[in-house]
Amino acid sequence: MNIPAKYNAITVEEKWYSYWMENNYFHSEPDEREAYTIVIPPPNVTGVLHMGHMLNNTIQDVLIRRKRMQGYNACWVPGTDHASIATEAKVVAKLKEQGIKKSDLTREQFIEHAWEWTHKHGGLILEQLKKLGASCDWDRTKFTMDEDLNRSVVKIFKDLHAKGLIYKGYRMVNWDPEAKTTLSDEEVIYMEKPGKLYYLNYAIEGSDDFVQIATTRPETILGDTAICVHPEDKRFTHLKGKKAIVPIVGRAIPIIEDPYVDMEFGTGSLKITPAHDPNDKLIGEKHQLEVIDIFNDDATLNAYGLHYEGKDRFVVRKEIVAELKDKGILVKSEDYTHKVGTSERTKAVIEPKISEQWFLKMEDLVKPAIDAVLNTGEVQLVPHKFVNTYRHWMENIRDWNISRQLYWGHRIPAYYYGQGTNDYVVAETKEEALVLARQKTGQDDLNEKDIRQDEDSLDTWFSSWLWPISVFDGINDPENKDFKYYYPTNDLVTGPDILFFWVARMIIAGYEFTGDKPFHHVYLTGLVRDKQRRKMSKSLGNSPDPIELMNTYGADGVRAGILMSSAAGNDLLFDENLMLQGRNFANKIWNGFRLVKGWEVSEDSEQPKSAKVAIAWYRAQFEKTLAFTEEQFEQYRLSDALTAIYKLVWEDFSSWFLEMVKPEFGQPIDKNTYEATVGFFENNIKILHPFMPFITEEIWQYFNERSPEEALIISAYPKTKGFDELILEEFEMIKEVISAVRNLRKEKNISFKESLELYFVKKEEINPDFFDLIGKMCNVSKVEEVKQKLENALTFRVGSNEFFIPFSQKIDVEAETVKLQEELAYHKGFLASVQKKLSNERFVNNAPEQVILNERKKEADALAKIAMVEKSLASF
RNA sequence: GGGUCAUUAACUCAGUUGGUUCAGAGUGUUACCUUGACAGGGUAGAAGUCACUGGUUCGAAUCCAGUAUGACCCACCA
């Protein structure tokens, strides 16, 4: 036979993925079976696979494959997200390389470039998922900018607008000067950054007096429109009603009072710049202050910046500090660490900016979504600990800024017919808009030229929050058969980092637009970190290339490795050793297969007793493990399920069972044992298939010719049957006997080839059915009970039974004595602790009866063992 | 500032309603083994005051309170 000793993953994996694709096993159509559905968290269309994807898609594939084998109609819908800001930023960068500025292009031209980019780089990540073995229904692949998804988004916008939930507001928003767009609050990451707190003196109008303020942003003094102090702050009562002069600008601004000011902080007086700070804006509104915006869209200063006009805000900060210092206005500066908002995508420092944007009212929308997670349990978060985070966010939710000043994305379906900011209608098409506009204005002579669509596009998440609905076209056509069959979906697998961005909003959308949950369970994976516990990120360069990993360790190896140590919700410290472990496991299975496949089967040789009992034992062991993994799956503890199977296959099956039934070298194996072994092997690879699909399919098909209908991927997953607990217990004792004999051989340097005899004095039951097996495993020619201990023999004790191996050489009495004394000391110590417990009246009175009985049994056992050891000692 | 979670062997982690000698696994490490499936393997061993301090209990790694350290999430303090 020429099966290679080393399992070659690469060729095998390609072969079976193609086979699965050719036979259409991944595709799902509604039928009479129960559906099991997962929608993929759509990765960025132009993204590449990283370790986070590996983890989370492996989990999805495990769930899907298992359910498919269990007879569900499993459907895993793949797709990608247009990722407006990220993709637009990439396109802008690429155009810049070619010397083209975004502002040189029309919207249409830019979008053309973006599509070109998308087609060129898009979808690569889905190809990479295939290498991982992802059994997605590729016929259902969706993109968040697909035409039908666009129609869904527009419809939803229109619907929410009609309900009065979408409105335009002139508000302070998060401005990303790099991408020149607003961001939602969730897209702003606050980072600790070292800065300085500058103390400045503002002169008081018409006097020599001054008021001192502290600021971290001296460049914004150009937009100051007030100084604010606490009304009860006695230090400033003399300034009441006076005006201060803004340095450099020379503008006189009022000194106002507001309890917002913290008297303890800084100098106790605060400069107010309503255009550039959310709090200042609130105070400004309250006191009806002038709003002076000093920035352009790219965060350079505008005309209000005077001689700083056209310079960047950070350049200006430096220069203005120098100028203030020269003029004696800067009193001092202190080092000060504070949190600075940055853009999640571009990393640019966010500029709070007042502008007119579209908002979605969240207050009422969140109610059913809160209820579903907190009260009814219709949607369950796994692990449960995320419920609190979810609740907190939901209960403190603010209106969602859904407009973005980007070209790439779903354009806001609002059409203006006049110059006023509210002279618009919301419509699905321009034609419809015209009709609506005519109705609204009563001007029948309006035509298409008079109508222009809003320039903004929608936040990416405004399309992805519909994902579980829109991939089945449930918005446009709620009665369609796919939607009715697959929705609501079952499980969602994603990272906790997008719990708010995506998961929460999908739950909101589900209830609002379908009246039902979008999914039942949300499995939140941990983050993949490097060995120094840092998040894996491109900028740190600490993320290994998943493709390289799969080439080195095989997709199965990587899948197993990454799952082996990743409990739900716990971060995973990436270590290549895990992948190595996964690969070695694949090799172990492979070699077990080689062994079994190499056996010659004899029709007429009889089944040895040892094999018979081995089969009975392994059957029970398998069933026990299967039952355990079922429990683990119930709780989404995939890692524990896999570890259990790993041990079953490596230890129980390979190290024990195969050794137990292995025929003598050169001898054939009897048919019954062979068939049982192959049956066990096949069951092993069935329950392993969801985790390691490729090698299992390879072995499955190698064992026997299989038609496409008999492929492992669609074979029936074993069902739990219950098992014989007793045989498992009995075998534990046998195991101990076997390893004790092996140890003695080693200690005394007795070759395995030298046959031994084993005798024992029985104090507790030992099942004689196993004796042949002991014989085979230890090369012992007979196992026999005797009434009393043997002289001149090696001894050991298992349970309360004492074993003897007659030994021709001289027994080292001293060494034996030492060994026995150690055992004695151990048992005595144990006895003491048990007796201490039992002599404690309160224990005896309070503990449950079963516990006390256990203790009594322990006491009796210990006493028996002590007696036995003492007797042995006495005989020396 | 508020919240959540963690702290168990050198490392990464289990320990599922408090009760068997319950202190575990994998990796690493040590010693031995070219045994006919597998050195990507086998056998055996060493290794921990379960972060700390109290409390509850007959009994605590497990429950409670506090402390320390770390991680993450949320929040408009110049």
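Residue numbers start from 1 in every chain, and the chains themselves are labelled A, B, ... in the order their sequence lines are given, proteins ahead of strands. As the structure is a prediction and not an experimental result, all values here were calculated from the model.
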Would you list the atom pairs, donor with acceptor, under 3.5 Å between side chains in residues 831-839 of chain A and any protein atom, with sequence neighbours excluded?
residue: A:Ser833; atom: OG; partner: A:Phe830; partner atom: O; Å: 2.9
residue: A:Gln835; atom: NE2; partner: A:Glu859; partner atom: OE2; Å: 3.2
residue: A:Ser839; atom: OG; partner: A:Gln835; partner atom: O; Å: 3.0
residue: A:Ser839; atom: OG; partner: A:Lys836; partner atom: O; Å: 3.0

* To do: Check the angle between the aromatic planes of A:Tyr646 and A:Phe585 and answer parallel, tilted or perpendicular using the 30° and 60° thresholds.
  =>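 Tilted: the ring planes of A:Tyr646 and A:Phe585 meet at 30° to 60°.
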Set of residues satisfying salt bridge (charged side-chain N to carboxylate O under 4.0 Å, His left out) with respect to [X], sequence neighbours excluded:
{"X": "A:Arg742", "value": "none"}
{"X": "A:Lys647", "value": "none"}
{"X": "A:Glu732", "value": "A:Lys735"}
{"X": "A:Glu659", "value": "A:Lys662"}

* Asked: Checking A:Ser184 side chain against A:Asn401 main chain: does a donor-acceptor pair fall under 3.5 Å?
  ->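 Absent.
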* To do: Look only at the side chain of A:Thr182 and the backbone of A:Trp175, and say whether a donor-acceptor pair between them is shorter than 3.5 Å.
  =>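 Not confirmed, A:Thr182 side chain does not pair with A:Trp175 backbone.
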If I pick the [atom1] atom on [M] and the same atom on [N], what distance separates them, to the nearest angstrom?
{"N": "B:rA25", "M": "B:rU43", "atom1": "P", "value": "14 Å"}
{"N": "B:rA23", "M": "B:rA46", "atom1": "P", "value": "15 Å"}
{"N": "B:rC63", "M": "B:rG70", "atom1": "C1'", "value": "24 Å"}
{"N": "B:rG45", "M": "B:rC11", "atom1": "P", "value": "24 Å"}
{"N": "B:rU53", "M": "B:rG42", "atom1": "C1'", "value": "47 Å"}
{"N": "B:rA9", "M": "B:rC50", "atom1": "C1'", "value": "11 Å"}
{"N": "B:rA44", "M": "B:rU4", "atom1": "C1'", "value": "44 Å"}
{"N": "B:rU16", "M": "B:rU7", "atom1": "P", "value": "12 Å"}

Round to a whole Å and report the spacing from [atom1] of [X] to [atom2] of [N].
{"X": "A:Lys281", "N": "B:rA78", "atom1": "NZ", "atom2": "P", "answer": "19 Å"}
{"X": "A:Asp497", "N": "B:rC5", "atom1": "CG", "atom2": "C1'", "answer": "17 Å"}
{"X": "A:Gln581", "N": "B:rU12", "atom1": "CD", "atom2": "P", "answer": "15 Å"}
{"X": "A:Phe574", "N": "B:rC11", "atom1": "CZ", "atom2": "C1'", "answer": "16 Å"}
{"X": "A:Glu651", "N": "B:rG42", "atom1": "CD", "atom2": "C1'", "answer": "13 Å"}
{"X": "A:Met579", "N": "B:rG26", "atom1": "CE", "atom2": "C1'", "answer": "13 Å"}

* Quick one: which of A:His276, A:Glu351, A:Glu219 gives a side chain to side chain donor-acceptor pair (under 3.5 Å) with A:Arg313? ->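 The passing option is A:Glu351.
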* When you look for runs of 3 or more Watson-Crick or G-U pairs in a row, both distances below 3.5 Å, which of them include RNA chain B? ->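 If one scans RNA chain B for consecutive Watson-Crick or G-U pairs, the stems found are B:1-7 with B:68-74, B:10-13 with B:24-27, B:29-33 with B:41-45, B:51-55 with B:63-67.
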* Taking only the side-chain heavy atoms of A:Leu573 (C-beta and beyond), determine which of B:rU12, B:rA78, B:rA44 contains the nearest atom. =>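 The answer is B:rU12.
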* Would the A:Phe657 and A:Phe653 ring centres measure less than 6.0 Å apart? ->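 Between A:Phe653 and A:Phe657, which both carry aromatic rings, the centre distance is below 6.0 Å.
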Does one side chain, of [X] or [Y], offer a donor that lies under 3.5 Å from an acceptor on the other?
{"X": "A:Tyr198", "Y": "A:Glu334", "result": "no"}
{"X": "A:Asp258", "Y": "A:His230", "result": "no"}
{"X": "A:Tyr260", "Y": "A:Asp280", "result": "no"}

* Asked: Across the strands shown, which category fits A:Glu855 at heavy-atom distances under 4.0 angstrom: base, sugar-phosphate, nothing?
  ->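 If one applies the 4.0 Å heavy-atom cut-off, A:Glu855 turns out to touch nothing in the nucleic acid.
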* Touch check for A:Lys858, heavy atoms < 4.0 angstrom, all strands: base, sugar-phosphate only, or nothing? ->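 Since only primed, P, OP1 and OP2 atoms lie under 4.0 Å of A:Lys858, the category is sugar-phosphate.
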* To do: Establish, yes or no, whether the cationic atom of A:Lys196 lies under 6.0 Å from the six-membered ring centre of A:Tyr336 and within 45° of the ring axis.
  =>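 No, A:Lys196 does not sit over the ring of A:Tyr336.
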Grab the N/O contacts between the protein and nucleotides 70-77 of chain B below 3.5 Å, and write none if there aren't any.
residue: B:rC74; atom: O2'; partner: A:His392; partner atom: ND1; Å: 3.3
residue: B:rA75; atom: N6; partner: A:Lys339; partner atom: NZ; Å: 3.0
residue: B:rC76; atom: O2'; partner: A:Asn279; partner atom: ND2; Å: 2.6
residue: B:rC76; atom: N1; partner: A:Asn279; partner atom: OD1; Å: 3.4
residue: B:rC76; atom: O2; partner: A:Asn279; partner atom: OD1; Å: 2.4
residue: B:rC76; atom: O2; partner: A:Asn279; partner atom: ND2; Å: 3.3
residue: B:rC77; atom: N3; partner: A:Asp262; partner atom: OD2; Å: 3.1

* To do: Using heavy atoms and a sub-4.0 Å distance, could you list which residues of residues 219-228 of chain A are near RNA chain B? By number, please.
  =>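 Listed by number, there are none.
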Table of protein N/O atoms under 3.5 Å from nucleotides 36-41 of chain B N/O atoms:
residue: B:rA37; atom: OP1; partner: A:Lys662; partner atom: NZ; Å: 3.1
residue: B:rA37; atom: O2'; partner: A:Asn591; partner atom: OD1; Å: 2.6
residue: B:rA37; atom: O2'; partner: A:Arg594; partner atom: NH1; Å: 2.7
residue: B:rA37; atom: N6; partner: A:Ser654; partner atom: O; Å: 3.3
residue: B:rA37; atom: N6; partner: A:Glu659; partner atom: OE2; Å: 3.1
residue: B:rA37; atom: N3; partner: A:Asn591; partner atom: O; Å: 2.9
residue: B:rA37; atom: N3; partner: A:Gly592; partner atom: N; Å: 3.2
residue: B:rC38; atom: O4'; partner: A:Asn591; partner atom: OD1; Å: 3.0
residue: B:rC38; atom: O4'; partner: A:Asn591; partner atom: ND2; Å: 3.4
residue: B:rC38; atom: O2; partner: A:Lys588; partner atom: NZ; Å: 2.9
residue: B:rC38; atom: N3; partner: A:Lys588; partner atom: NZ; Å: 2.9
residue: B:rG40; atom: O4'; partner: A:Asn584; partner atom: OD1; Å: 3.2
residue: B:rG40; atom: O2'; partner: A:Asn587; partner atom: ND2; Å: 3.0
residue: B:rG40; atom: N7; partner: A:Lys6; partner atom: NZ; Å: 3.3
residue: B:rG40; atom: N2; partner: A:Arg583; partner atom: O; Å: 3.4
residue: B:rG40; atom: N2; partner: A:Asn587; partner atom: OD1; Å: 3.3
residue: B:rG41; atom: OP1; partner: A:Asn584; partner atom: ND2; Å: 3.4
residue: B:rG41; atom: O3'; partner: A:Lys588; partner atom: NZ; Å: 3.3

* Contact pattern, 5' to 3', of nucleotides 55-61 of chain B - B, S or - by protein heavy atom under 4.0 Å -> ---B---
* Please determine if A:Asp861 and A:Lys857 form a salt bridge, counting it only when a charged side-chain N lies under 4.0 Å from a carboxylate O. =>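 The answer is yes: the pair qualifies as a salt bridge.
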Considering only distance and modelled atom types, tabulate donor-acceptor pairs under 3.5 Å from the side chains of residues 261-271 of chain A, sequence neighbours left out.
residue: A:Asp262; atom: OD1; partner: A:Glu264; partner atom: N; Å: 2.9
residue: A:Thr267; atom: OG1; partner: A:Gln212; partner atom: O; Å: 2.6
residue: A:Thr267; atom: OG1; partner: A:Ser269; partner atom: N; Å: 3.3
residue: A:Thr267; atom: OG1; partner: A:Ser269; partner atom: O; Å: 3.3
residue: A:Thr267; atom: OG1; partner: A:Ser269; partner atom: OG; Å: 3.4
residue: A:Ser269; atom: OG; partner: A:Gln212; partner atom: O; Å: 2.6
residue: A:Lys271; atom: NZ; partner: A:Thr220; partner atom: OG1; Å: 2.7
residue: A:Lys271; atom: NZ; partner: A:Asp224; partner atom: OD1; Å: 2.7
residue: A:Lys271; atom: NZ; partner: A:Thr273; partner atom: OG1; Å: 2.9

* Asked: Taking only residues two or more places apart in sequence or in another chain, which ones pass ring-ring contact (aromatic ring centres under 6.0 Å, His included) with A:Phe593?
  ->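 Applying ring-ring contact (aromatic ring centres under 6.0 Å, His included) to A:Phe593 gives A:Trp590, A:Tyr702, A:Phe703.
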